[in-house]
Amino acid sequence: MSDLKLFNTLTREKETFEPLIPGEVRMYSCGPTVYNHLHIGNMRTFVWGDVLRRYLEWRGLRVKQVMNVTDVEDKIIRNAAAAGQDLQTYTAPFIESFHASLAKLRVRKADAYPRATEYIPQMVALVQQLNDRGHTYTADGSTYFKVSTLDGYGKLSRVEIDETSEYSRIESDEYEKESARDFVLWKAKKDNEPAWMTPIGEGRPGWHLECSAMSMDLLGETFDIHTGAVDLIFPHHENEIAQSEGATGKPFVRYWIHGEHLNIDQQKMSKSLGNIYTVPEIESMGYDLLALRYALLSVPYRTKLNFTTQSLDDAKNALSRIESFLLRVDEVSRSAPHDAKHSDGAADQLIGKFLTDFETAMDDDLNTAGALGALFTLIREGNIAFDEGRILAGDAEGLKTALMKIDPVLDIFPMREANLDAEIDALIEARNAARKARNFAESDRLRDELVSRGIVLEDTPGGTRWRKA
RNA sequence: GGCGACGUAGCCAAGUGGUAAGGCAGAGGUCUGCAAAACCUCCACUCGCCGGUUCGAUCCCGGCCGUCGCCUCCA
């Protein structure tokens, strides 16, 4: 097995991944701020984060994955107040829809989803630790991180803040900060905002604090992987590093993995352009969410993805090709249950090449496009071998095993709904009886009826197969 | 102004110092009920433009043009 290489934002290079503790990976994925329904750009980040975790597991590593849910923040406070609700009431439906969307996209559950509001004591302790080490100052009841006290600030983003530049959008007069680079750790209570009474004053946490507190609490002071999208590199992740390393004096994260954005029709999603899509919206447009998952994975995570509805149509058709092949493999593998014969080794060759190519692609910084390429090459060459009669039941069984082997990583294979089968089969049987009687009008009527129910038929010399349209 | 990414066929997109994966669309063909679906074949002498390095560059270097992102909340 070759090495898994991942692009580490810290070094701007693809590095061989080796966990700190052999065999065990601890990863933190930046999760949602729940003031809104999540859009498909958010989902892209969660999907590849999940695939990273799946691939690590596929390589035999045990993974502990944590994803935060940020449920206290400026927009949440503002919206909740406008709705006349408390934070928990306001955020609950968004948290619920977040999980529902993930499930529909086949994103597996992380091991924990800590919430910021449940981590106030740990955050306060972190601020106190930073204070003890001389990295903070207070002004008007708020506590700030003094960036000048920490060597190496900026090592992740390589951003140097020039306070004098007219282009710097950092507002240096905000919150009584001593320096534009400084950032707030703990915000003093204002007006009627929700606040916690703590040893460092009555107030609420700054934006970056929860991620440092929760990740270190659940994964340790130094852990392996931290994922997120590129926009978080600065200031969020840079400040997480400052808070965490300032408090512990130890390296915080070993591999920073950032994914590119998803654009809609070449443009960034934004409310003003009205081009934000949520998962339920995609669904109500009539698309199968598996097509969305496929579309998201067809572009490697570090490449900008230009999303269009055509990409969903393309994905849907590509998935049909995959499903037809799966059906063909399945049918042949079941054709001779026991004394399954192997033919000339054609299948073994295809399988070997497929698994090697798949792994090579995934090892190269999670090249999912290359991995899919390997799959489609297997499908074409497999179909040719089938047509030439070089694949017998035993070979097909091997193909099936190979396909099932990669299934847990990409998880893009269409699933059958078993309870449909009996009903479908009855209609197919009736249609085939009509065909046999050369009553094509009736057989076509039955076929069309199936089509209208979303079932496509494939007549083959061996019988009729069906799949979902 | 600073930092960074990208520009490969109609669309999406991988990739390598030695002459371009894959998917979709399109065109042919096989099977078949002159049906549907499926399957196969074909489809970039060329990788934004111009120089340079090299025996040889799409892939290395430099310049230019173009697109996009971050420097403020943001997946």
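To find a chain, count down the sequence lines: A is the first, B the second, and so on, and within it residues start at 1.
Between B:U54 and B:G62, the two C1' atoms lie 16 Å apart (nearest whole Å). Taking the P atom of each, B:G15 and B:C73 are spaced 34 Å apart, rounded to whole Å. Spacing between B:C50 and B:A57 at atom P, rounded to whole Å, works out to 14 Å. Taking atom P on both nucleotides, B:U46 is separated from B:G10 by 13 Å, rounded to a whole Å. Of the P atoms belonging to B:C45 and B:G52, the separation is 24 Å, rounded to the nearest Å.
In this structure, the nucleotide among B:C73, B:G33, B:C39 sitting nearest to the side chain of A:E73 is B:C73. Of the listed nucleotides (B:C24, B:G69, B:G23), B:G69 has the atom at the smallest distance from the side chain of A:K268.
Rounded to an integer number of Å, the gap from A:K316 NZ to B:A25 P is 10 Å. Regarding A:H258, its NE2 atom lies at a distance of 16 Å from the P atom of B:G4, rounded to whole Å. What separates CD of A:E238 from P of B:C71 is a distance of 13 Å, to the nearest Å. Computed from coordinates, the A:I233 CD1 to B:A5 P distance equals 11 Å when rounded to whole Å. Between the CG atom of A:L366 and the C1' atom of B:A14 there is a distance of 14 Å, rounded to whole Å. The nearest whole Å value for the distance from the CD1 atom in A:I264 to the P atom in B:C68 is 15 Å. Whole-Å rounding puts the A:I455 CD1 to B:A36 C1' distance at 15 Å. For A:I412 and B:G23, the CD1 to P distance is 13 Å, given to the nearest whole Å.
For A:Y255, the ring-ring contact (aromatic ring centres under 6.0 Å, His included) partners at least two apart in sequence or on another chain are A:F17. Residues passing the salt bridge (Lys or Arg N to Asp or Glu O under 4.0 Å) test with A:E429: none are found, sequence neighbours excluded. The salt bridge (Lys or Arg N to Asp or Glu O under 4.0 Å) check on A:K5 picks up nothing, with sequence neighbours excluded. Taking A:D365 as the reference, A:R302 meet the salt bridge (Lys or Arg N to Asp or Glu O under 4.0 Å) condition, with sequence neighbours excluded. For A:K405, there are no salt bridge (Lys or Arg N to Asp or Glu O under 4.0 Å) partners at least two apart in sequence or on another chain. Under the side chain to side chain donor-acceptor pair (under 3.5 Å) criterion, A:Q349 pairs with no residue, sequence neighbours left out.
Contact between the side-chain N/O atoms of A:R467 and the OP1/OP2 oxygens of B:A38 is found at a separation under 4.0 Å. Contact annotation: A:N367 side-chain N/O to B:G15 OP1/OP2 distance is under 4.0 Å. One finds no side-chain N or O of A:N383 lying less than 4.0 angstrom from the OP1 or OP2 phosphate oxygen of B:A38. For B:C39, one of the phosphate oxygens OP1 or OP2 lies less than 4.0 angstrom from a side-chain nitrogen or oxygen of A:R321.
B:U53: no Watson-Crick or G-U partner with both key distances under 3.5 Å is found in any strand. As the counterpart of B:C42, B:G26 is assigned, both hydrogen-bonding distances of the Watson-Crick or G-U wobble pattern falling under 3.5 Å. For B:C59, there is no paired nucleotide, since no Watson-Crick or G-U wobble pair has both relevant distances below 3.5 Å. Pairing for B:C6 is with B:G66, a Watson-Crick or G-U wobble pair whose two hydrogen-bonding atom distances lie under 3.5 Å. The partner of B:G33, taking Watson-Crick or G-U wobble pairs whose two distances both stay under 3.5 Å, does not exist in any strand shown.
Within residues 371-380 of chain A, the residues having any heavy atom under 4.0 Å from RNA chain B are, by residue number, A:G373, A:F376, A:T377, A:R380. Of the residues in residues 303-315 of chain A, A:T303, A:K304, A:Q310, A:D314 come within less than 4.0 Å of RNA chain B through at least one heavy atom, sorted by number.
Using a 4.0 Å heavy-atom cutoff across all strands shown, A:R44 reaches no nucleic acid atom at all. At a threshold of 4.0 angstrom between heavy atoms, the contacts of A:I384 are confined to the sugar-phosphate backbone, with no base atom among them. Note on A:P32: nothing from the nucleic acid sits closer than 4.0 angstrom, heavy atoms only. If you check every strand for non-hydrogen atoms under 4.0 Å, A:D459 touches a base. At the heavy-atom level, A:D444 lies under 4.0 Å from base atoms of the strands shown. Among the heavy atoms of the strands lying under 4.0 Å from A:A318 are primed sugar atoms or P, OP1, OP2 only; no base atom is included. Residue-level contact check: A:H236 touches neither bases nor backbone, having no heavy atom under 4.0 Å from any strand. When heavy atoms are screened at a 4.0 angstrom cut-off, A:R78 is found touching no nucleic acid atom at all.
Looking at A:R447, its side chain comes within 3.5 Å of the base of B:A35 through a donor and an acceptor atom. In terms of polar N and O atoms assigned as donor or acceptor, the side chain of A:R438 never comes within less than 3.5 Å of the base of B:G33 in a complementary pairing. Checked by distance alone, A:S298 brings no side-chain donor or acceptor within 3.5 Å of a matching partner on the base of B:G22.
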Output a table of donor-acceptor pairs, distance under 3.5 Å, between side-chain atoms of residues 257-264 of chain A and any protein atom two or more places apart or on a different chain; print 'none' if there are none.
residue	atom	partner	partner atom	Å
A:H258	ND1	A:T9	OG1	2.7
A:H261	NE2	A:D231	OD1	2.3

Enumerate, atom names and distances included, each donor-acceptor pair closer than 3.5 Å involving a side-chain atom of residues 376-383 of chain A, sequence neighbours excluded.
residue	atom	partner	partner atom	Å
A:T377	OG1	A:G373	O	2.9
A:N383	OD1	A:R328	NH1	2.7
A:N383	ND2	A:I379	O	3.2

List, one per line, each side-chain donor-acceptor pair under 3.5 Å for residues 289-298 of chain A, sequence neighbours excluded.
residue	atom	partner	partner atom	Å
A:R293	NE	A:L410	O	3.0
A:R293	NE	A:D411	O	3.0
A:R293	NH1	A:L105	O	2.8
A:R293	NH1	A:R106	O	3.4
A:R293	NH2	A:L410	O	2.9
A:S298	OG	A:A295	O	2.9

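Projected onto RNA chain B by closest heavy-atom contact, A:H208 and A:V299 fall at different nucleotides, the more 5' of which corresponds to A:V299. Nearer the 5' end of RNA chain B, as judged by each residue's closest nucleotide, is the contact made by A:D364, out of A:E458 and A:D364.
Aromatic ring pairs are classed by plane angle as parallel below 30°, tilted from 30° to 60° and perpendicular above 60°; the pair A:Y301 and A:W48 is tilted. A:W256 and A:H237 have tilted rings, their planes meeting at an angle from 30° to 60° on a 0 to 90° scale. Using cut-offs of 30° and 60° for the angle between ring planes, the A:Y28 and A:F223 rings count as tilted. Taking the six-membered ring for Trp and thresholds of 30 and 60 degrees, A:H37 and A:F94 have ring planes more than 60 degrees apart, a perpendicular arrangement.
Once the 5.5 Å centre distance and the 30° plane angle are applied, the aromatic ring of A:F46 is found not to be stacked with the base of B:A75.
The pair A:D74-A:R204 counts as a salt bridge, with a side-chain nitrogen and a carboxylate oxygen less than 4.0 angstrom apart.
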Where do N or O atoms of nucleotides 26-28 of chain B meet protein N or O atoms at under 3.5 Å, pair by pair?
none

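Both the sub-6.0 Å distance and the 45° axial angle are satisfied by A:K75 relative to the ring of A:Y35.
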